[in-house]
Amino acid sequence: MSLSLIIYYCSYFLFSPIAFIVYIFAVFPVLEKLKITSSVDMGGNVSRLHLIPILISVVLVSGLFMLFSFLFLSSIKEMSLNTFLQPKNQNLQIACFVITAFVIYFFTSSKGMEGNIAGFIFFPILVVTSITLIVLHLIWIWNVVIKG
Amino acid sequence: MMIFVTSLVLAFNPLVLLFFGTESFAQIKKEGFSYSELISTYFGMVIFVFLVFGIHYLVFKFLGKNMSFNIYFKLQPEIYNFVPYAMGLISALVFFIDLTYSPASSYFAVLRSLAVLCFFFGIYTSLVLYVLWIYNITK
């Protein structure tokens, strides 16, 4: 396995923007409900998220998605695990993961994140990176699964 | 008749639920649950399915592809075609329970988050099958 592929998959499992969005909408409310401390309210609409729950959740969701998509796409067209694990446009994808890493950094920094900045600046950034990755993935599916 | 029955299933496509259902869900959650509101929302989604297929039909006709309108309602027998609808149905069921009973249990909170995850995966499978369908129609 080449170094670029290792870097790619480390970034994919740790900094997937889609998995982070899933964390915000699906996992974070459950953690709050279960009274598991996953954020710190710093007052004045500023709060800070804890890093460990985010990373655990992102790794699990990314892994689950990878398994699910492999099984689903294999049911459409037979493909080897090797073919599935060869991503295209790695550099652009890694750029999206790096942006997400910065967003997670700001959400978890000691100064906290103000609610309006999170909602109006960082969340749209996550949405744009997510859409980019979805489009790249659909292009890969078109070339490898459907036409290939 | 077959078209109408098929559209009742197609309304559970996660993409349809996403575009049409989320706003209605939020509104029902805010204003309180009523079966009439839910039924009218559901039939709104069925009409939305017809509208989307109608637009596709017109676009393909404009591009020179003359196809019968029935072809849009033909569910292919392969098992993977039913995955998005199964996921849409599961998440819609959980959201329905949330709307009607609003359980405060933490177990239900976990179930709800799994339903959201299921919903996201359903959207993914719908997108993939949509791209596959476009390819099969246009080749």
Side-chain angles (χ1 to χ4, degrees), chain A residues 16-36 38 53-54 56-79 84 126-127 130-148, chain B residues 13-15 17-19 21-23 25-26 29 75-88 90-91 94-95 98 101-139:
Chain A
S16 165
I18 299 167
F20 185 48
I21 291 174
V22 169
Y23 171 80
I24 291 169
F25 283 108
V27 180
F28 182 76
V30 174
L31 293 178
E32 294 288 294
K33 187 91 183 175
L34 295 174
K35 302 211 184 335
I36 295 171
S38 52
I54 292 174
I56 293 172
S57 168
V58 168
V59 168
L60 286 175
V61 170
S62 303
L64 201 64
F65 175 74
M66 191 163 241
L67 177 67
F68 176 80
S69 62
F70 176 67
L71 291 172
F72 180 69
L73 295 174
S74 296
S75 71
I76 297 175
K77 185 190 171 182
E78 285 274 342
M79 75 167 107
F84 179 74
L126 283 177
V127 169
S130 299
I131 289 172
T132 307
L133 289 172
I134 289 168
V135 167
L136 291 174
H137 186 64
L138 286 174
I139 291 171
W140 177 85
I141 288 173
W142 177 268
N143 289 325
V144 174
V145 178
I146 295 174
K147 276 177 78 176
Chain B
N13 186 303
L15 287 173
L17 288 173
L18 180 71
F19 285 121
T22 42
E23 195 197 316
F25 177 82
K29 198 98 171 125
L75 285 173
Q76 302 298 326
E78 290 89 0
I79 201 83
Y80 56 75
N81 286 300
F82 294 96
V83 171
Y85 301 104
M87 301 201 123
I90 290 167
S91 27
V94 174
F95 297 148
D98 189 22
Y101 301 110
S102 299
S105 154
S106 49
Y107 293 113
F108 187 78
V110 174
L111 186 65
R112 188 173 40 221
S113 71
L114 288 174
V116 171
L117 199 64
C118 186
F119 185 62
F120 273 107
F121 283 7
I123 290 171
Y124 168 74
T125 52
S126 294
L127 278 172
V128 171
L129 290 177
Y130 178 68
V131 170
L132 179 65
W133 179 75
I134 293 283
Y135 173 73
N136 286 331
I137 293 272
T138 54
K139 71 174 180 187

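Protein chains get the first letters and strands the later ones, always in sequence-line order, with residue 1 at the start of each.
Closest heavy-atom contact between A/Pro29 and A/Tyr23: CD-O, 4.2 Å.
Residue B/Val83 touches chain A through its side chain alone, counting heavy-atom pairs closer than 4.5 Å. Only the side chain of A/Phe68 has a heavy atom closer than 4.5 Å to any heavy atom of chain B. Heavy-atom distances place the side chain of B/Tyr124, and not its backbone, under 4.5 Å from chain A. The contact between A/Ile146 and chain B is made by backbone and side chain atoms together, counting heavy-atom distances below 4.5 Å. Contacts of B/Phe120 with chain A are made by side-chain atoms alone, with heavy-atom separations under 4.5 Å and no backbone atom involved. For A/Leu31, no part lies under 4.5 angstrom from a heavy atom of chain B. For chain B, no part of A/Ile18 is nearby; none of its heavy atoms comes within less than 4.5 Å. The contact between B/Leu129 and chain A is made entirely by side chain atoms (from C-beta outward), counting heavy-atom distances below 4.5 Å. Contact annotation for A/Leu34: only side-chain heavy atoms (C-beta onward) come within less than 4.5 Å of a heavy atom of chain B.
Between the OG atom of A/Ser69 and the CZ atom of B/Phe121 there is a distance of 8.0 Å, given to the nearest 0.5 Å. Rounding to the nearest 0.5 Å gives a distance of 8.5 Å between OG of A/Ser38 and CD1 of A/Ile54. Note that OH of B/Tyr130 is 9.5 Å distant from CG of B/Leu15, once rounded to the nearest 0.5 Å. Rounded to the nearest 0.5 angstrom, A/Phe72 CZ and B/Thr125 OG1 are separated by 5.0 Å. The CZ atom of B/Phe119 sits 12.0 Å away from the CZ atom of A/Phe25 when rounded to the nearest 0.5 Å.
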Stepwise side-chain contact (heavy atoms from CB on, under 4.5 Å) test for B/Phe108 and B/Asp98: CA-CA 9 Å; B/Phe108 187 78; B/Asp98 189 22; 3.8 Å; yes

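Highest contact tally toward chain B, considering only A/Val145, A/Ile21, A/Ile141, is held by A/Ile141 [criterion: heavy-atom pairs under 4.5 Å].
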